Amino acid sequence: MRRSLGAAVVVCVASATALLLAHAAPAQNAPNGPPAGQIAPAMNLEQIKTPPGLPSLTVTNAAGSVAHLFPTVARAAALRAQNTLYFGGDPPLVYHSGGSIMPTLTIYNIFWVPPTLQNGGSTGMSNSYGSLMIRLAQDYGGHGIDNNNTQYFQTIGATTTYIKNSGNFGAFFVDNSAYPASGCSDSATPGNCITDAQIQAEITKVMGIKGWTGGLTHIFMLYTSSGEGSCFDSTSTSCAYTQYCAYHGFISGSPDVIYSNMPFGDTTNCQEPGIPSPNGDAVADAVTTAASHEITEAVTDPLLNAWFTAGLGYEIGDLCAYDYGNSDTGTFNTYDSGKANQSWNGHFYELQTEFDNHAYAGTGNTKGCVQTGPFALGPSSGL
């Protein structure tokens with residue numbers, strides 16, 4: 001059962017801009033660009049097939065939409081055990097020929113905060129919650145996690161393009177219009193549930209209002225308010241707080257629209273016990289790690305056809321889900337008196353690590369999860 005979030009005050013996120021600091025401090029956790037070359041798997045991992053019956057984090061609905069799920073803590077643990085059983089641990093990420101990455105990034109936040117839920121219950125989002133999501137979007141580009149992305153690339157025709165360690169915050173929008181009638185039925189938020197089709201419709205609506213455009217340099221993060229759940233479709237087989245804590249996908253078009261569904265924070269199902277809260281709001285801090293997870297996965301696999309493992313099809317964030325330490329250096333929470341593992345523009349975050357193919361191959365480590373990357377390959381590494 002999901003922990004009750006209680007009633008919250010409806011946010012006016014517009015006032016949150018006053019809380020945002022100018023970014024004059026030097027970037028931290030940002031090493032220089034990627035090591036030369038690209039690590040190739042030691043074997044043809046494409047020959048490995050997913051064993052029958054194992055669930056996939058990539059789901060498709062009847063409308064043909066595809067999304068990749070960030071699993072709950074319990075589901076991530078179960079999948080990790082299966083991965084170890086069938087594959088002996090985490091394989092590296094594999095580039096799938098012709099797949100696309102996001103070479104640069106602009107992040108747009110949409111906050112959907114109606115006066116009430118569909119069943120008439122209270123809902124809301126605190127000012128601190130909205131402000132933190134805006135600040136994370138402003139800080140993400142140019143720091144250690146985004147720098148780790150720079151080892152990943154796309155090859156389209158004869159042209160190879162690497163991800164750049166750069167990004168911007170585009171804008172935000174607060175929508176206080178009512179949620180549509182529930183299109184799904186879930187156990188965590190009965191009576192208050194929207195489907196992926198309804199989420200896509202909201203994003204498309206706001207893009208039209210604001211004149212925002214899609215493409216492989218923009219991502220749209222849709223944050224819903226407390227008590228509102230979601231399922232990927234009306235069959236209610238993949239739902240927030242029971243199967244996932246967030247997901248990313250794309251709206252097919254010319255251009256495609258990259259987006260992420262960001263349900264309201266849940267420290268019971270979507271955060272490991274005992275994880276500190278550097279910003280004094282445990283629910284909001286739990287969502288920052290989910291947001292970082294989704295942004296990083298979208299950057300490296302926006303159309304779900306580029307970078308993922310063979311076998312279970314994990315993306316860069318899945319391999320390190322709910323891992324907050326650096327598996328190569330042993331560092332953990334070196335900022336904000338031990339409450340944070342990232343310091344970006346003088347702001348503190350507690351974020352999960354991300355997978356580094358170079359660290360995986362360069363150290364013999366079976367879990368190449370890093371807080372900042374990519375791992376620098378030395379002349380004696382043999383790689």
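Remember, it's a predicted structure, so these values are computed and weren't measured experimentally.
Side-chain contact, S65 with Q200: a donor N or O sits under 3.5 Å from an acceptor N or O. Side chains of N165 and N147: a donor-acceptor N/O pair is present below 3.5 angstrom, by distance only. S128 and D281 are linked by a side-chain donor-acceptor pair at a separation below 3.5 angstrom, with hydrogens and angles left out of the test. In this model, a donor atom of one side chain and an acceptor atom of the other lie less than 3.5 Å apart for T155 and T160. Side-chain contact check for N279 and R135: at least one donor-acceptor pair (N or O, by modelled atom type) lies under 3.5 Å.
Between M262 and T224 the shortest side-chain heavy-atom distance does not fall below 4.5 Å. Inter-residue side-chain proximity for F111 and F172 is flagged as met; some heavy-atom pair is nearer than 4.5 Å. Using a 4.5 Å heavy-atom cutoff, the side chains of I163 and V299 are in contact. The shortest distance between side-chain heavy atoms of F355 and D318 does not fall below 4.5 Å. For the pair T204/V257, no side-chain contact is recorded, criterion being any heavy-atom separation below 4.5 Å from C-beta on. Side-chain contact between I295 and M221 is present, with at least one heavy-atom pair separated by less than 4.5 Å. The shortest side-chain heavy-atom distance between V73 and Y322 falls under the 4.5 Å cut-off. By the 4.5 Å heavy-atom criterion applied to side chains, I101 and N149 are not counted as neighbours.
A donor-acceptor pair under 3.5 Å links the side-chain atoms of S56 to the main chain of T58, judged by distance alone. No donor-acceptor pair closer than 3.5 Å links the side chain of N168 to the backbone N or O of G170. No side-chain donor-acceptor contact under 3.5 Å links D356 to the backbone of G368. Judged purely by atom type and a 3.5 angstrom limit, Q352 uses its side chain to pair as donor or acceptor with the backbone of G317. Within the 3.5 Å criterion, the main-chain N or O of P374 finds no donor-acceptor partner in the side chain of Q151. Judged by distance alone, with hydrogens and angles left aside, the side-chain atoms of N192 form no donor-acceptor pair with the main-chain N or O of T189 at under 3.5 Å. Using modelled atom types, no side-chain atom of T309 and backbone atom of L93 make a donor-acceptor pair closer than 3.5 Å. Here the side chain of Q371 pairs no donor or acceptor atom with the backbone of I145 at under 3.5 angstrom. The closest donor-acceptor contact from the side chain of H347 to the backbone of S343 lies at 3.5 Å or more, if one exists at all. D336 places no side-chain N or O within donor-acceptor distance of the main-chain N or O of K339, the cut-off being under 3.5 Å.
Disulfide criterion (SG-SG under 2.5 Å) for C184 and C231: not met.
None of T353, N148, D323 except one satisfies the side chain to side chain contact (heavy atoms under 4.5 Å, CB included) rule with V370; the exception is N148. Residue L351 is tested with T296, N341, D285 for a side chain to side chain contact (heavy atoms under 4.5 Å, CB included); the sole match is N341.
When all heavy atoms of L117 and Y179 are compared, the closest pair comes out as CD2-CE1, 4.2 Å. In this structure, G141 and D146 approach most closely via the heavy-atom pair CA-OD2, 3.6 Å. Minimum heavy-atom separation, S182 to G191: OG-O, 2.7 Å. What you find for S100 and N305 is that their closest heavy atoms are N-OD1, 3.2 Å. Across all non-hydrogen atoms, the minimal contact from C245 to T72 is SG-CA, 3.7 Å. When all heavy atoms of A298 and M102 are compared, the pair lying nearest together is O-SD, 3.3 Å.
Using the six-membered ring where Trp is involved, Y152 and W307 have ring planes that are perpendicular, over 60° apart on the 30 and 60° scheme. By the 30° and 60° cut-offs, the orientation of the rings of Y349 relative to W344 is tilted. Under the 30°/60° scheme for interplanar angles, the aromatic rings of H96 and F308 are found to lie parallel.
Within the structure, disulfide (SG to SG under 2.5 Å) pairs that include any residue of residues 100-181 do not occur (at least two apart or interchain).
Not less than 6.0 angstrom separates the ring centroid of Y247 from the ring centroid of H68. Aromatic rings from Y108 and F220 are positioned such that their centres are separated by under 6.0 Å. Between Y129 and F264, the ring centre distance stays below 6.0 Å.
Going from atom CD of E294 over to atom CD1 of I219 covers 7.5 Å, rounded to the nearest 0.5 Å. Atom CD of Q342 sits about 7.0 Å away from atom OG1 of T372, to the nearest 0.5 Å. Rounded to the nearest 0.5 angstrom, E228 CD and T116 OG1 are separated by 10.0 Å. Atoms CG and CG, on L79 and L57 in that order, are 5.0 Å from each other to the nearest 0.5 Å. The distance from the CG atom of N61 to the OG atom of S238 is 10.0 Å, given to the nearest 0.5 Å. Taking OH of Y140 as the reference point, atom CD1 of I107 lies at 7.5 Å (rounded to 0.5 Å).
Salt bridge present: D175 and K205 bring a charged side-chain N and a carboxylate O closer than 4.0 Å.
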Next item on the list: Would you sort out whether L132 and T288 count as a side chain to side chain contact (heavy atoms under 4.5 Å, CB included), showing the intermediate values?
Entry: CA-CA 8 Å; L132 187 55; T288 61; 3.5 Å; yes
Check: When you look at F173 and I209, which way does the side chain to side chain contact (heavy atoms under 4.5 Å, CB included) test go after all the steps?
Finding: CA-CA 10 Å; F173 181 80; I209 292 171; 4.3 Å; yes
Margin query: Between F70 and Y244, does the ring pair (Phe, Tyr, Trp, His ring centres under 6.0 Å) criterion hold? Intermediate values first, please.
Written below: CA-CA 5 Å; F70 175 28; Y244 64 77; 9.8 Å; no
Item checked: Intermediate values then yes/no, side chain to side chain contact (heavy atoms under 4.5 Å, CB included), D233 and D196 -> CA-CA 6 Å; D233 60 25; D196 182 69; over 6 Å; no
Notebook entry, point to check: Under the disulfide bond (SG atoms under 2.5 Å apart) criterion, do C193 and C239 qualify, and how do the steps go?
Noted result: CA-CA 9 Å; C193 185; C239 298; 5.4 Å; no
Next item on the list: Take T195 and F232, measure what side chain to side chain contact (heavy atoms under 4.5 Å, CB included) needs, and give me the verdict at the end.
Entry: CA-CA 5 Å; T195 64; F232 191 58; over 6 Å; no
